[in-house]
Amino acid sequence: MSLLEVKQVSKLYGTFKAVDNVSFKVEKGRIFGLLGPNGAGKTSMIRMINHITMPDEGTVTFNGQKVDETTQQRIGYLPEERGLYKKMKVGEQLMYLIRLRGLSKEDARKAISYWLDRFEAASWIGKEVGDLSKGMQQKIQFVAAIAHDPDLYIFDEPFSGLDPINSETLKRVIIELRDRGKTILFATHRMEQVEQMCDDICLFNKGKAILSGDLRSIKQRMGRNTINLEFHGDGSFLDELENVRIGNRSTNFAEIRMLGNTNPQDILTKAMENANIMKFELVQPALNEIFIETVGSDNLKDIKS
Amino acid sequence: MNLSKLLLIIKREYITRVRGKGFIISTLLAPIFLLAVFLVPLFIGNMESSSSEVKYVIVDETGVIGPRMVQMNPSRFEMRPNSNVEELREETMEGQIGGYILMPEGLLDGSRNAELFNTGSGGLTLTREIRDNMRSAVREELLTRTAVSDEVKAIFDLRPDLDSRRITSEGETEVNEGVSFIIAYILGFAIYMAMFTYGALIMQGVLEEKTNRIMEIIISSAKPMELLLGKVLGIVALGLSQITIWFIAFTGITAVVGPIAMMMGVGAPDPATMASGDAGAAAAASNFSVPEISVGVWIFFAVFYVLGFLIYGGIFAAVGAAADTPQDTQQLALPIYIPIMIPIFLMMPVITDPHSSMAVITSMIPFFSPILMMGRIAVTDVPLWQSLGSVVLMILTFLALMWVSGKIYRVGVLMYGKKVTLGELMRWLRY
């Protein structure tokens, strides 16, 4: 049985369909990526999983049980919009938030001291949150989201606004949690950030789930149809290539997505005529490319803007 | 409804607020203010009588009234042989004397009036004091001339007073009407202020949770109704603590004010000053009595305070949830401020005639009851069906409003970056 199962869920806000007949499953012990551009319906979906809002149609089940107040306590949630009570002390605040999740005072105290140590934040326990730096507040927020030892962790845009050090810490913690058998659900529009971490994905666009499944097999299905090219010299030849889409381009690097039956050898020949080739590699497409391809080019303008 | 969560929410709300500057300051300031309300008139009364020690010179053409007045009130009046008006005028201007009084011959037969010359700084009290003294002197002189008996003189000196007593179910009590009016106002105003300040506190609290986005975390841990009720009850608890502190402070103040008044010599005015018509001190002394608030009134006060709060607290929370910026709250809260303010305007007519049908009806309206029924209870013995009836009505109103507020709160807390209209709020009720 899947840990989390979303079945034909729809959510309407007025006449706007924020989530449209979405189904996916999250398996235990995996890292699941809920991906898509801003406004695709990710946060609306997460709110329903958290039982903050109710689906208009369909069901969300957690461990086979329809989500309610009891399943809420088995979920840890780091919302996209972060915030804490500025005037409360770190320790009191964590105690409050964690106890609201159903932990006893004693368990909460242990969890707080464990996680504050883990984030090297133990000395802030008596400080008011408003006096902490932004990076410190972020750490406190992680602790608030994860310390009640839930089965499922939901992180909505977890890396947005994080400094590199905190990003790295969070990544390590996430891997560590997964290795302990916990399940993680990410929601993000920065696909490259989670590409290396996700086991499974579900791509969202305009309220619909347009692609879901095991990331590795999705990529395999796409085949090695992307060229990573590193070169020295004039890159203008790239503009002359036909039947390709170039993403992620810089002065000496290009990610070339071959469309239709383009022969990679032709591209290599053309490149060698114009520049010094440092690296030529045939790879599976990046998640971003997969997304763009699946959504279709007609949709592209909306997404980029 | 999860009780342990509710308690956690109440506790957080209470503890963070009770340590706040706002609470500490308002809790301390109110008794100080109250103390001032009772003591300032005493001081003023005292100051007036001491500053009015300035002498007034009597220029007496009757030859008899002047000496009588000096004898009556030697600290005020003085007679000088051969004083001339020019000199007196100068002395008055220089401030050496308060002024002078010209008493023409015709004063005794009523054909002329006496004239008071001063720089205009004496005030009404002083004018009244001088006039009273003069009238007494004239009357005494005329009575003496017509050789009436002492009995008749005594009749003229007789001044019976009117004491008012209130009949209550517990028996008769002596009342000082002025004081019970003041108490009605103070209690009504305390509730009014509390609804305003704590209402705004709830509103800001919800808005703050919304704008700093902690709402998203909390709302995924507790139900909106638990949060709303917890918030309101937390602040009710805060208010009750404040009342308790005030009650203790009030008891302390009444214990302290008495002795202070005695020290200042106005607690027990002696007949001499009364007779001499030292109006300032006399007025202060007669106005002064340590006000007593019965336990019953305190209990009603607590009940109305809590209920007033519950009624308005929920609405304020809903407004906070519906708003997106502090400016929005002001606009949205306006319709709430009106029913809070109306009773303050109605207070005077209601407590002056607490049994009029207007008073009964307005004080039974749940939105007005906390202030108006409180005012009536403070000044009179309100029939039980009215006082308890208003309590029941308020409880019902609270439950109905909680349901409405809960709906608005639920939707509002997750709605960011949108200005909400009243029509939209109505739609939320149907979600």
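All values reported here derive from a predicted model rather than from experimental measurement. Lettering follows sequence order; numbering is per chain, from 1.
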Is NZ or CZ of A:Arg118 both nearer than 6.0 Å to the six-membered ring centre of A:Phe142 and within 45° of the ring axis?
no

Most contacts with chain A, counted as non-hydrogen pairs under 4.5 angstrom, among B:Glu208, B:Lys5, B:Lys11, B:Arg12:
B:Arg12

By a 4.5 Å heavy-atom criterion (distance strictly below it), what part of A:Gln93 contacts chain B: side chain, backbone, both, or neither?
side chain

Counting heavy-atom pairs under 4.5 Å with chain B, which one of A:Glu92, A:Met95, A:Gln141 comes out on top?
A:Glu92

Residue from B:Ser220, B:Pro224, B:Ser221 scoring the most non-hydrogen pairs under 4.5 Å with chain A is B:Ser220

Cation over ring, A:Lys171 on A:Phe159, under 6.0 Å and within 45°?
yes

Taking it one step at a time, do A:Thr70 and A:Gln65 satisfy side-chain hydrogen bond (donor to acceptor under 3.5 Å, both in side chains)?
CA-CA 10 Å; A:Thr70 54; A:Gln65 182 193 351; 3.1 Å; yes

Part of B:Ile15 lying under 4.5 Å from any heavy atom of chain A:
neither

Regarding B:Asn2 and B:Ser4, is there a side-chain donor-to-acceptor distance under 3.5 Å anywhere?
yes

Verify whether one side chain among A:Asp156 and A:Thr43 offers a donor that lies under 3.5 Å from an acceptor in the other.
yes

